[in-house]
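Please read these numbers as outputs of a predicted model, since none were measured by experiment.
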Amino acid sequence: MGKTQEEDIDAIVAGIEGLESKPTDKKAKKKATTQPDRAQQNGDPLSNNGTANASDPTPAENGEVKKKRKRNRNKNNKKDLEEGEDEPVTANATPSTEKKTDPKGGKKAAAKSGGKVTQTYPPTIPIFDLYRGGPFPVGQQMEYPDVWNDGRTAQDRFGTEEKRAIDRAQLDMYNEVRCAAEAHRQTRQHIQKWVKPGMKMIDIVQELEDTARKLIKENGLEAGLAFPTGCSINHCAAHYTPNAGDETVLGQDDVVKMDFGTHINGRIIDCAWTMNFNPKFDPLKEAVRDATEMGIKTAGIDVRLCDVGAAIQEVMESHEIELDGKTYQIKSIRNLNGHSISPYQIHAGKTVPIIKGGEATVMEENEFYAIETFGSTGRGVVHDDMETSHYMKNFDVGHVPLRLQRSKQLLNTINKHFGTLAFCRRWLDRLGETRYLMALKDLGEKGIVEPYPPLCDVKGCYTAQFEHTILLRPTCKEVISRGDDY
């Protein structure tokens, strides 16, 4: 073999070894893979090592070089994907927690990429759309209390396959009520940030109800508000919402109870909280909040309602508050209470007292309850007072003949838009109803519609309220309306 042939073979081997070597970065890779092509296209007589080629490589050697170039290109593409360029979406991709901002794709691009849409502020995106139809956030899950003092708790229920199977069979219903709860949470958290002293109460409730309607994706009787927004102030404990023309303004030293409900297919979330702007009222608010938490902790399957009431009163009346140099014991309002909830029925028959000595009826599996407590610096008893704003059709009423045509028309409106859910005069105004007070009174006298006037303690006192909706699931107790705020 001559010297010239040996040099040609060394040149070919050196060229192949140069292709096999891995470049240190993306640019080096691209240069290494494209340089031989340029040399061939330009007729460059020099190889990679600068030695002249006297003869061309064999076809077999050309095939080997092409395969190595293809492998290098695949490696470059793989590296680009790892660095985030044109990332592919797989079927099991975890949804992103950030909203996509691609101007070409928008929400559609976010949906294709599996990204979760983030809520606006103030909140406007319906909860159903925000979570893409579910599943929705689960409330606080708690063990049941040991009713019989024998060590049996919810741990036994969690481990029972029968109870877990019942739970799974009701997931659709759970999703409905959890969607309504999330709409309630986001609405109230917006209102807590937005409300300031000096605002008109009618403007506050209008903002709250407009927000809730958007988030719940209001749709007739299938989804919407479960009852009017209560915004009772100071000595008024419940059932006040402003009628048209009410110019009441929220003051710096006011204590206001915000109570509103949402529902999907009649599954109602009833939840309330108290707001104050002067910290001197904090002890009153904390007493009622602690009492509500005790009621939630005590509640459970086979628990007697009277035992829940006794536990609530004990916590409530252990608190005091000093106002203007005088000390007041905080009292449970004895003629207000919590209640069971059924589809399209806010008060379903069972009452949860907030004082001792109530009914010995027990709570049962799969029941919904509104655990609510009211505390007062006054007498601890409320009475009807002020102008009525809340009304509700009697749940058990049958056909009642009506003589007045206006009464018939108003009843048709109530049946179509509210059914057996509570409503207020503002909502009738919103539907375009006018001159309906006489017809509303007629429906009340016939027992078809029940008025619910504001409930007040003695003037000059202060009242507070906290409330949550709980579900006694087969496996555990779920505080559906629980949020980061309370």
Side-chain angles (χ1 to χ4, degrees), residues 126-129 131 133-139 166-167 169-188 208-209 211-230 239 259-272 338-352 363-372 390-398 411-424 427-428 430-431 448-450 452 467-474 478-482:
I127 301 302
F128 188 86
D129 298 341
Y131 287 89
F136 302 98
V138 179
I166 297 173
D167 244 3
Q170 302 180 121
L171 282 178
D172 288 343
M173 182 266 286
Y174 293 168
N175 260 332
E176 289 176 351
V177 74
R178 287 167 182 165
C179 181
E182 183 63 19
H184 195 289
R185 265 189 295 272
Q186 294 195 18
T187 300
R188 75 186 188 229
L208 186 152
E209 291 171 358
T211 302
R213 286 188 174 103
K214 292 175 186 174
L215 298 189
I216 203 67
K217 210 170 186 177
E218 187 178 38
N219 181 25
L221 291 176
E222 293 182 5
L225 299 177
F227 53 86
T229 303
H239 296 171
D259 187 356
F260 76 101
T262 55
H263 82 92
I264 292 180
N265 290 326
R267 297 293 179 180
I268 298 171
I269 292 296
D270 185 2
C271 189
H339 47 88
S340 57
I341 304 174
S342 293
Y344 295 103
Q345 188 176 18
I346 187 66
H347 296 155
K350 292 184 178 180
T351 60
V352 185
M363 295 177 155
E364 300 178 57
E365 186 177 299
N366 289 324
E367 287 184 329
F368 287 83
Y369 282 92
I371 304 297
E372 61 181 320
H390 285 53
Y391 299 86
M392 186 167 65
K393 184 183 174 184
N394 191 328
F395 191 83
D396 299 317
V397 71
L411 182 58
N412 288 336
T413 298
I414 293 170
N415 288 333
K416 179 180 179 181
H417 295 280
F418 312 122
T420 55
L421 297 173
F423 61 94
C424 64
W427 291 4
L428 292 175
R430 182 172 177 267
L431 294 172
I448 300 172
V449 172
E450 190 76 25
Y452 290 87
E467 178 180 21
H468 273 299
T469 296
I470 67 171
L471 167 59
L472 305 184
R473 287 169 46 188
E478 183 176 344
V479 188
I480 309 171
S481 55
R482 178 72 76 194

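- Note that CD1 of Ile216 and CD of Glu209 are 13.5 Å apart. Values are rounded to the nearest 0.5 Å.
- Closest approach of Cys271 and Arg188 over heavy atoms only: SG-NH1, 3.5 Å.
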>> Quick one, Ile448 with Leu411, criterion side-chain contact (heavy atoms from CB on, under 4.5 Å). Give me CA distance, side-chain angles, the key distance, then yes/no.
In response: CA-CA 9 Å; Ile448 300 172; Leu411 182 58; 3.7 Å; yes
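- For Tyr344, the ring pair (Phe, Tyr, Trp, His ring centres under 6.0 Å) partners are His263, not counting sequence neighbours.
- The ring pair (Phe, Tyr, Trp, His ring centres under 6.0 Å) search around His417 returns none, not counting sequence neighbours.
- Of all heavy-atom pairs spanning Gly419 and Lys393, the tightest one is O-CB, 3.5 Å.
- For Lys214, there are no salt bridge (Lys or Arg N to Asp or Glu O under 4.0 Å) partners at least two apart in sequence or on another chain.
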>> Under the criterion side-chain contact (heavy atoms from CB on, under 4.5 Å), I'd like the reasoning laid out for Leu472 against Met363: C-alpha separation, chi angles, the key distance, then a yes or no.
In response: CA-CA 8 Å; Leu472 305 184; Met363 295 177 155; 3.7 Å; yes
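- In this structure, Leu431 and Trp427 have side chains that are not in contact, with every pair of non-hydrogen atoms separated by 4.5 Å or more.
- Under a 3.5 Å cut-off, the side chain of Arg473 and the backbone N or O of Asn366 do not form any donor-acceptor pair.
- Note that the CG atom of Asp270 and the CD1 atom of Ile470 stand 12.0 Å from one another [nearest 0.5 Å].
- Residues Glu176 and Asn265 have side chains in contact (heavy-atom distance under 4.5 Å, counting atoms from C-beta outward).
- Not counting sequence neighbours, the partners of Glu364 by the salt bridge (Lys or Arg N to Asp or Glu O under 4.0 Å) test are Lys350.
- Pairing each heavy atom of Arg482 with each of Arg185, the nearest pair is O-NH1, 2.8 Å.
- Salt bridge annotation for Arg178-Glu478: present, with a cationic side-chain nitrogen under 4.0 angstrom from a carboxylate oxygen.
- In this structure, His347 and Ile341 have side chains that are not in contact, with every pair of non-hydrogen atoms separated by 4.5 Å or more.
- Scanning for ring pair (Phe, Tyr, Trp, His ring centres under 6.0 Å) contacts around Phe260 gives His184, with sequence neighbours left out.
- Taking 4.5 Å as the limit, some side-chain heavy atom of Lys217 sits within range of a side-chain heavy atom of Asp129.
- In this structure the side chain of Asp167 reaches within 4.5 angstrom of the side chain of Tyr174, judged on heavy atoms.
- For the atom pair CZ (Arg267) and OG1 (Thr469), the distance works out to 12.5 Å, reported to the nearest 0.5 Å.
- Remark: the backbone N or O of Phe368 is not paired with any side-chain donor or acceptor of Ser340 at under 3.5 angstrom.
- Closest approach of Gly261 and Phe227 over heavy atoms only: N-CZ, 3.3 Å.
- Taking a 6.0 Å sphere around CG of Asn412, one finds it holds more than 12 heavy atoms contributed by other residues, nucleotides or ligands.
- Within the 4.5 Å cutoff, the side chain of Gln186 has heavy atoms near those of the Ile127 side chain.
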> Between Val352 and His339, does a side-chain contact (heavy atoms from CB on, under 4.5 Å) hold up when you go through it step by step?
Replying inline: CA-CA 5 Å; Val352 185; His339 47 88; 5.9 Å; no
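- Qualifying ring pair (Phe, Tyr, Trp, His ring centres under 6.0 Å) partners for Tyr452, counting only residues two or more places apart in sequence or in other chains: His239.
- Between Ala180 and Ile264 the shortest heavy-atom distance is N-CD1, 3.9 Å.
- Distance check, rounded to the nearest 0.5 Å: CD1 of Ile268 to OG of Ser481 gives 13.0 Å.
- Residues Leu428 and Tyr391 form no side-chain contact, since every pair of their non-hydrogen atoms from C-beta on lies 4.5 Å or further apart.
- Between Ile480 and Ile269, the closest side-chain pair of non-hydrogen atoms falls below 4.5 Å.
- Here the CZ-CD1 distance, from Phe423 to Ile414, works out to 3.5 Å after rounding to the nearest 0.5 Å.
- A side-chain donor-acceptor contact under 3.5 Å links Tyr369 and Glu367.
- Remark: the His468 side chain and the Glu372 side chain contain no N/O donor-acceptor pair separated by less than 3.5 Å.
- Going from atom CZ of Arg213 over to atom OG1 of Thr262 covers 12.5 Å, rounded to the nearest 0.5 Å.
- Side chain to side chain, Glu450 and Asn394 fail the donor-acceptor criterion of an N or O pair below 3.5 Å.
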